[in-house]
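Read through the structure below, which is laid out as structure tokens, and then see the notes.
FYI, the numbering just counts along the sequence from 1. Everything quoted here is computed from the prediction, not taken from an experiment.
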Amino acid sequence: MPRISPLIATLLALAFGPSLCADPAKDRRRPTEFGIIFQMGYAGDHFPQEPKAFETLLQAVKAANYNTVLCKHTPWREELCRKHGIKMMVDLLVGDHHVYKSPEGAEKLCTSLRKSETIYAYHLWSDRMGGKVAGRNRDVANVQKWDPNHATYVGDYKASEIPGLTNPDLVGYYDFHWKRGGHWRHLLRARDVALKTDSFFLKYADGAPGRVGVGNYNRVLYTISISVACGLKGYTFHHTGGEIDKKTWKWQTLGEDLAKVNAMIAPLGPEVMKLGNPKAVYSTPISITAKNRPTGTDPAVPPEFKAIPEDSTTRILAGEAVMGLYQDPKGREALLFANHNSYEGQTMNLKFEGKVLGVAIFDRTAGAWKRLPLDSGKVSFEIPPAGLELVIVNR
């Protein structure tokens, strides 16, 4: 009997197996937009208090390819967000809307927002939980009862405690890996939680891991690109105060770095949201580190990742990348490739086994799919430094 590729087996299971979403209410709550979230801190009211200044900030936020703001809710802020096509992630760790210190106020607010199309999600936690996962499960359950139409978000450090969440909509984590290490380990842990709980995962990322205005953009984009290949559905940056001038609301150099990252990710957002969570994540062997330095050993798959199976119908002949395996709504193979190198581009040479009708890559500049030349099942394309590319295979 001929062997069936793990890739094909996965796709057959998806096509004929039960739906992964066991909770229709969760499916309704889940955001449909890839969240690029601007914040100025949480657990307090850090945004402009005057409507004119808040609106000026929203205009700057939108121009920098953010589509969501994390802040305390007020009716006039919600209205201005609606006016400018910006979603609001409502901070429920603030004052009279605090989810567990003022549950009556939080319930009143969440109930009032059930029908709002401007709400992205509710922010319930973004730090170490200190063993108090039960409290976060309580908060999630309460908010889901108060507003069954919008997602809840709970994040922690290193994705270490989110595995204890019982019914989350959005989970997340931070690690600041360029300075503290553990990037791949924490990332794949968050991806596992999202799969097991039928949720999506977000990231609270370090916005300044490198030299601002020089290599910082590369390092931040690398973090986000690798994460998106592994299933990331949104991110926010740690607020340092150096992103934007609070008098003029004009971006400073750090803010410009982050806007460039957003510009690379935003065009892919709608396509990424169609794919759900990855069915598998693989890596090629690497000879060069993310810092563009030789590993000093023979090329090897990083131990946190799995190698592409030998009998896979997708083979990487050249190029060093993480590959996220997905299925698009039409049942086609969707592959997200993230560059392992922050500072140098990669030429990816792929060979697809079996009958292939066509291969296309998403052109972020045109916002459309572009057919790749196919020669005996082989295709080639470029991934920019620290970048990410999405490929569809039609069999």
Side-chain angles (χ1 to χ4, degrees), residues 125-131 133 136 153-165 168 170-210 218-238 261 265 272 277-309 316 320-326 336-343 386-388:
W125 201 258
S126 282
D127 210 333
R128 302 171 193 260
M129 284 190 259
V133 180
R136 305 294 74 77
Y153 169 80
V154 175
D156 72 352
Y157 182 47
K158 297 183 179 180
S160 58
E161 292 183 88
I162 54 174
L165 297 172
L170 298 172
V171 296
Y173 77 103
Y174 73 99
D175 57 11
F176 300 171
H177 69 89
W178 284 101
K179 302 166 184 173
R180 305 177 187 178
H183 176 43
W184 298 328
R185 181 172 68 255
H186 307 147
L187 171 59
L188 294 175
R189 184 184 295 157
R191 178 249 178 181
D192 287 345
V193 173
L195 283 176
K196 290 177 182 177
T197 61
D198 187 28
S199 59
F200 287 157
F201 82 92
L202 312 183
K203 175 171 279 188
Y204 185 100
D206 185 358
N218 298 72
R219 290 192 175 201
V220 177
L221 180 60
Y222 164 88
T223 295
I224 302 302
S225 294
I226 295 282
S227 301
V228 172
C230 294
L232 188 78
K233 294 297 185 287
Y235 59 86
T236 187
F237 296 116
H238 172 61
V261 172
I265 300 298
V272 167
N277 285 314
K279 315 312 170 191
V281 176
Y282 302 116
S283 174
T284 65
I286 60 172
S287 60
I288 302 294
T289 70
K291 295 180 179 180
N292 197 25
R293 298 170 184 169
T295 59
T297 62
D298 291 336
V301 174
E304 292 86 353
F305 287 99
K306 294 180 180 178
I308 298 174
I316 299 180
E320 299 185 2
V322 169
M323 184 182 85
L325 167 64
Y326 297 77
L336 273 165
F337 293 94
N339 193 340
H340 261 302
N341 192 322
S342 298
Y343 299 103
L388 176 78

Provide the closest heavy-atom pair for [X] versus [Y] in the form atom of the first, atom of the second, distance.
{"X": "Ala307", "Y": "Tyr282", "answer": "O-CD2, 3.3 Å"}
{"X": "Gly207", "Y": "Pro209", "answer": "C-CD, 3.4 Å"}
{"X": "His340", "Y": "Ser283", "answer": "NE2-OG, 2.9 Å"}
{"X": "Glu320", "Y": "Ile286", "answer": "OE1-CA, 3.4 Å"}
{"X": "Leu221", "Y": "Ala386", "answer": "CG-O, 3.3 Å"}

Those residues that, when tested against [X], pass side chain to side chain contact (heavy atoms under 4.5 Å, CB included) (two or more places apart):
{"X": "Pro278", "result": "Arg191, Val281, Tyr326"}
{"X": "Ala205", "result": "Lys203, Ile224, Phe237"}
{"X": "Lys291", "result": "Trp178, Arg219, Thr289, Arg293"}
{"X": "Pro285", "result": "Pro299, Val301"}

Check for a donor-acceptor pair, side chain of [X] on one end and backbone N or O of [Y] on the other, with a separation under 3.5 Å.
{"X": "Lys158", "Y": "Asp156", "answer": "no"}
{"X": "Ser225", "Y": "Ala338", "answer": "no"}
{"X": "Lys279", "Y": "Asn277", "answer": "yes"}
{"X": "Glu161", "Y": "Met129", "answer": "yes"}

The criterion is salt bridge (Lys or Arg N to Asp or Glu O under 4.0 Å); which residues satisfy it with Lys179, sequence neighbours excluded?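 Lys179: salt bridge (Lys or Arg N to Asp or Glu O under 4.0 Å) contacts with Asp206.
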
For [X], check ring pair (Phe, Tyr, Trp, His ring centres under 6.0 Å) against everything at least two apart and list the hits.
{"X": "Phe200", "answer": "none"}
{"X": "Tyr157", "answer": "Tyr174"}
{"X": "His186", "answer": "none"}

Thr223 and His183: side chain donor to acceptor below 3.5 Å: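 Absent: no donor and acceptor within the cut-off.
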
For the residue pair [X] and [Y], establish whether any side-chain heavy-atom pair is separated by less than 4.5 Å.
{"X": "Leu187", "Y": "Cys230", "answer": "yes"}
{"X": "Val193", "Y": "Tyr173", "answer": "no"}
{"X": "Val220", "Y": "Tyr235", "answer": "no"}
{"X": "Leu232", "Y": "Phe201", "answer": "yes"}

Nearest 0.5 angstrom please: [X] [atom1] to [Y] [atom2], how far?
{"X": "Ile162", "Y": "Leu170", "atom1": "CD1", "atom2": "CG", "answer": "11.0 Å"}
{"X": "Ser160", "Y": "Asp175", "atom1": "OG", "atom2": "CG", "answer": "10.5 Å"}
{"X": "Ser227", "Y": "Leu202", "atom1": "OG", "atom2": "CG", "answer": "11.0 Å"}
{"X": "Met323", "Y": "Ile308", "atom1": "CE", "atom2": "CD1", "answer": "4.0 Å"}
{"X": "Tyr153", "Y": "Thr236", "atom1": "OH", "atom2": "OG1", "answer": "8.5 Å"}
{"X": "Ile226", "Y": "Asn339", "atom1": "CD1", "atom2": "CG", "answer": "7.5 Å"}

Could you tell me which residues satisfy side chain to side chain donor-acceptor pair (under 3.5 Å) with [X], sequence neighbours excluded, listed by chain and number?
{"X": "Ser199", "result": "Thr197"}
{"X": "Thr284", "result": "none"}
{"X": "Asn341", "result": "Asn292"}
{"X": "Asn218", "result": "none"}

Going by the angle between their ring planes, with limits at 30° and 60°, are Phe305 and Trp184 parallel, tilted or perpendicular?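 Answer is perpendicular, since the angle exceeds 60°.
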
